[in-house]
Amino acid sequence: MRFEIRRLDEVDGTTVDSTVVDAASVNRIVQKAAAIGQRLWIRPAESTAS
């Protein structure tokens, strides 16, 4: 499963950047963001039809 992770602006909560990662990478990104107080928004990535 893949997830979209958006980094949010500290002031108004708008999206600064986003990336799509696999499930194994989510924990590492969340831990790094938590260490520096960064706000994230995480949701399952939309799948494309094959």
Side-chain angles (χ1 to χ4, degrees):
M1 182 168 205
R2 298 183 61 78
F3 293 88
E4 176 184 12
I5 299 179
R6 294 184 182 195
R7 187 167 49 103
L8 304 177
D9 181 81
E10 297 301 318
V11 176
D12 61 8
T14 58
T15 300
V16 175
D17 63 22
S18 67
T19 188
V20 175
V21 299
D22 60 9
S25 299
V26 172
N27 186 50
R28 176 182 50 80
I29 292 169
V30 168
Q31 293 296 324
K32 184 176 177 181
I36 61 174
Q38 192 173 60
R39 294 171 59 193
L40 300 177
W41 181 58
I42 303 171
R43 69 177 186 163
E46 294 182 15
S47 59
T48 57
S50 305

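Everything numeric here is computed off the predicted structure, so don't read it as measured data. Quick note: numbers below take in every heavy atom, side chains included, and nothing from hydrogens, waters or symmetry partners.
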Original post:
Looking only at heavy atoms, which two atoms of R2 and V20 are closest? And how far apart?
Top reply: NH2-O, 3.4 Å
Without placing hydrogens or testing angles, list every side-chain donor-acceptor pair under 3.5 Å for residues 31-40, not counting sequence neighbours.
| residue | atom | partner | partner atom | Å |
| --- | --- | --- | --- | --- |
| R39 | NH1 | D9 | O | 3.3 |

Original post:
Any side-chain heavy atom of V16 sitting closer than 4.5 Å to one from L8?
Top reply: no
**OP:** Check side chain to side chain donor-acceptor pair (under 3.5 Å) between R6 and all other residues, then give those that pass, not counting sequence neighbours.
**Re:** E4
Original post:
Sequence neighbours excluded, which residues qualify as side-chain contact (heavy atoms from CB on, under 4.5 Å) partners of V26?
Top reply: F3, I5, V21, V30, I42
